[in-house]
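In what follows, a structure is listed as structure tokens, so that the remarks can point back to it.
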Amino acid sequence: MYKIKMKIINGCLNILTGMIVLASLFPLYWLISTSMKSKAEAFAMPPKWLFTPDFSNYSGLLGNPSFLESLKNSLVISASATIFAVVLGVMAGYALARNNSRSGNAMGIGIILARMIPPMGIIIPFYMIFNYLSLTDRYVSVILIYLTTVLPFVTWLMMGFFQGVPAEIEEAALIDGCNRIGTFLRICLPVVKPGIATCAMFAFMMSWNEYFYAVIMTGNATKTAPIYIQSFVSSSGTNWGALCAASVLVVLPILVFTIFCQRSLVRGLMGGAVKG
Amino acid sequence: MRKLHQNKRPENFKKKDRRSLYLLTMPSFLVLIALTAVPLIFSFGIALFEYNITKPQDAAFAGLGNFVRAVEDEYFRSAIKVTVIQVVSTVTGQMVLGMLIALLLSREFRGVKLMRSLYIIPMMITPVVSGIMWRMMFNADLGIINYLLGKLGVPAINWLGSPKTALVTIIATDIWLSTPFVTMILLAGIQGISQDYYDAAVVDGVNTLQKFFYVTLPLVRPMVLLALLFRIMDAIRRYDSIMAMTAGGPGVSTQTLNIYAYYQGFSYFNIGYSSALSMILLICILAISLLLLKMIRNAQQD
């Protein structure tokens with residue numbers, strides 16, 4: 001009797017889980033389906049559940065140079081921010097994990113605090129300085145300001161990964177006459193490769209999705225994709241189909257990538273963050 | 001031979017070793033100092049001035065005048081209220097739902113692996129896109145949500161058009177977007193708990209609810225605090241999806257402190273006042289996060 005009861009309860013819970021997952025994916029389904037509807041169908045009431053997919057929104061966008069330009073800007077900015085953050089963050093993360101001195105800890109806390117600063121707190125001086133240097137609307141200014149959020153994150157996460165590498169592995173090499181930089185490059189780095197991949201992915205995602213700094217720091221020459229999407233809304237009545245298609249195209253790269261490497265991502269985030 | 005040689009001068013070696021550790025930390029540290037500490041000090045300086053960028057000739061030192069002005073400003077008070085409501089309700093909602101869903105997903109059954117992967121998807125969505133998407137779905141006349149509610153007999157609600165429901169809508173959107181993040185962290189925590197604890201609990205004859213409160217919850221406490229830290233910080237400075245959905249309106253009903261500071265700086269160009277508001281925001285974030293960091297450290301030591 002008890003067993004049957006448990007089976008029924010478990011079955012119900014499984015169904016509930018499935019329903020929650022489906023419900024949370026529904027908005028995305030709606031986004032994608034709207035992107036394939038014509039203007040009239042997009043807001044038809046009652047909504048059209050069955051419709052013939054129409055890819056004209058997509059072909060329109062892919063033939064639109066300013067949209068492609070914004071994707072390119074996003075790619076250049078995100079990739080550069082990711083590379084800088086990973087190179088600097090891996091080095092610092094390693095050293096902070098191994099340096100237990102007072103000043104080492106203080107530097108570690110300083111880097112974590114950098115992540116907590118609200119963007120509003122630094123954007124005005126940042127803009128003024130870059131305006132003074134005539135560097136606004138250049139990739140370099142956007143990349144640098146993205147580093148303020150991405151670099152602390154990578155450093156913090158990498159510190160956790162390196163703490164997970166037993167110090168004994170290195171000590172043997174250190175005694176054998178290898179110096180710090182040598183052990184770091186030859187022994188530690190290969191061990192934390194999955195961690196570096198996780199960091200790179202998150203760094204890229206954070207930069208790709210960033211909006212606040214982009215609103216202020218980018219101009220016509222550096223407009224990123226999220227900014228471009230937002231500009232759809234205001235200009236001459238919203239074309240929802242095209243807007244949804246653009247949204248799908250912006251979200252898609254991140255989505256595909258993360259679905260494929262999700263396991264290592266989750267494990268990586270946990271391994272790094274909790275120890276850190 | 002080599003080994004002996006090294007051991008003869010450990011002092012010198014240690015010194016050199018420490019130096020290379022600093023050498024590795026320095027680039028990151030200096031870049032961050034230059035990019036955050038310097039602007040921050042600058043910002044604090046501006047906050048002490050009455051300064052509108054369109055009228056630079058009227059700039060004047062105001063001391064703490066901007067902070068006094070904030071206390072007397074009714075929009076500031078309203079922004080604080082909106083921020084507190086927004087942060088408390090989204091984070092509470094995310095923590096409770098995140099925990100429930102993590103518990104559901106931590107059980108083993110057919111298809112659960114796929115569900116775990118699918119459930120995390122909203123977390124990856126660009127926040128601006130999420131805002132636009134929900135704005136479309138919450139549209140009063142043509143949105144799918146009112147349509148579905150209509151099927152259940154609920155009259156159409158002007159979600160984003162009325163001050164009362166706009167804030168609720170904003171909160172719901174962020175719960176959708178970020179609950180998966182909380183779930184992901186808690187799920188990893190729950191899966192890391194050794195089965196032995198549960199077996200011992202079964203021997204003691206506890207029920208499911210007791211098992212949760214006396215075994216699971218205490219053991220995932222560091223993860224709960226960690227998720228809380230990330231979520232509170234991000235909820236306080238939330239910007240993208242609010243701008244995409246309501247831009248702070250209708251009226252000031254969804255205008256958080258962050259958005260108010262943004263408007264003061266970039267719409268009214270009162271950069272002195274805007275900086276003062278940002279400094280208040282910074283102090284709140286720092287106080288909350290230092291407290292939580294301390295709690296995390298204590299929880300890890302237990």
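Order of the sequence lines fixes the chain letters, A, B, ..., with proteins taken first and strands second; residue numbering starts at 1 for each chain.
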Anything under 3.5 Å between a donor and an acceptor, one on a side chain of residues 278-291 of chain B, the other on a protein residue two or more places apart or in another chain? List them.
from: B/Ser278; atom 1: OG; to: A/Met120; atom 2: O; distance (Å): 3.4
from: B/Ser278; atom 1: OG; to: B/Ser274; atom 2: O; distance (Å): 3.0
from: B/Ser289; atom 1: OG; to: B/Ile285; atom 2: O; distance (Å): 2.6
from: B/Ser289; atom 1: OG; to: B/Leu286; atom 2: O; distance (Å): 3.4

Check your understanding: So what's closer than 4.5 Å to chain A heavy atoms on B/Phe266: side chain, backbone, both or neither?
Key ->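 Only the side chain of B/Phe266 comes within 4.5 Å of chain A.
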**Study point:** Contact class of B/Leu100 relative to chain A, heavy atoms under 4.5 angstrom
**Key:**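 For B/Leu100, no heavy atom lies under 4.5 Å from chain A.
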Check your understanding: Is it the backbone or the side chain of A/Thr155 that comes under 4.5 Å from a heavy atom of chain B, or both, or neither?
Key ->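 Answer is side chain: those atoms of A/Thr155 sit under 4.5 Å from chain B.
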Point to revise | Region of A/Leu243 that comes under 4.5 Å of a non-hydrogen atom in chain B | key: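 Interface part for A/Leu243: side chain.
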Point to revise | Verdict with reasoning, A/Ile123 to B/Tyr262, per side-chain contact (heavy atoms from CB on, under 4.5 Å) | key: CA-CA 10 Å; A/Ile123 189 68; B/Tyr262 171 80; over 6 Å; no
Practice item. Enumerate by number any residue of residues 85-92 of chain A whose heavy atoms lie under 4.5 Å from heavy atoms of chain B; in the absence of such residues, state 'none'. Key: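 Checking residues 85-92 of chain A against chain B gives A/Leu88, A/Met91, A/Ala92.
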**Study point:** Distance-only polar pair, side chains of B/Arg107 and A/Asn14, donor-acceptor under 3.5 Å
**Key:**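 Judged by distance alone, the side chains do pair up.
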Check your understanding: Are B/Ser241 and A/Tyr211 close enough, and set up right, to give a side-chain contact (heavy atoms from CB on, under 4.5 Å), and what steps lead you there?
Key -> CA-CA 9 Å; B/Ser241 48; A/Tyr211 180 71; over 6 Å; no
I'd like a table of donor-acceptor pairs (distance under 3.5 Å, sequence neighbours excluded) in which one partner is a side-chain atom from residues 129-139 of chain B, with atom names and distances.
from: B/Arg135; atom 1: NH1; to: B/Ala244; atom 2: O; distance (Å): 3.0
from: B/Asn139; atom 1: OD1; to: B/Asp141; atom 2: N; distance (Å): 3.0
from: B/Asn139; atom 1: OD1; to: B/Leu142; atom 2: N; distance (Å): 3.1

Counting only pairs under 3.5 Å, give me each side-chain donor-acceptor contact of residues 23-41 of chain B, with atom names and distances, residues two or more places apart or in other chains.
from: B/Thr25; atom 1: OG1; to: B/Leu21; atom 2: O; distance (Å): 2.8
from: B/Thr36; atom 1: OG1; to: B/Leu32; atom 2: O; distance (Å): 2.6

Check your understanding: For the side chain of A/Thr17 and the backbone of B/Leu105, is there at least one donor-acceptor N/O pair under 3.5 Å apart?
Key ->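 Side chain of A/Thr17 to backbone of B/Leu105, a donor-acceptor pair under 3.5 Å: no, none is there.
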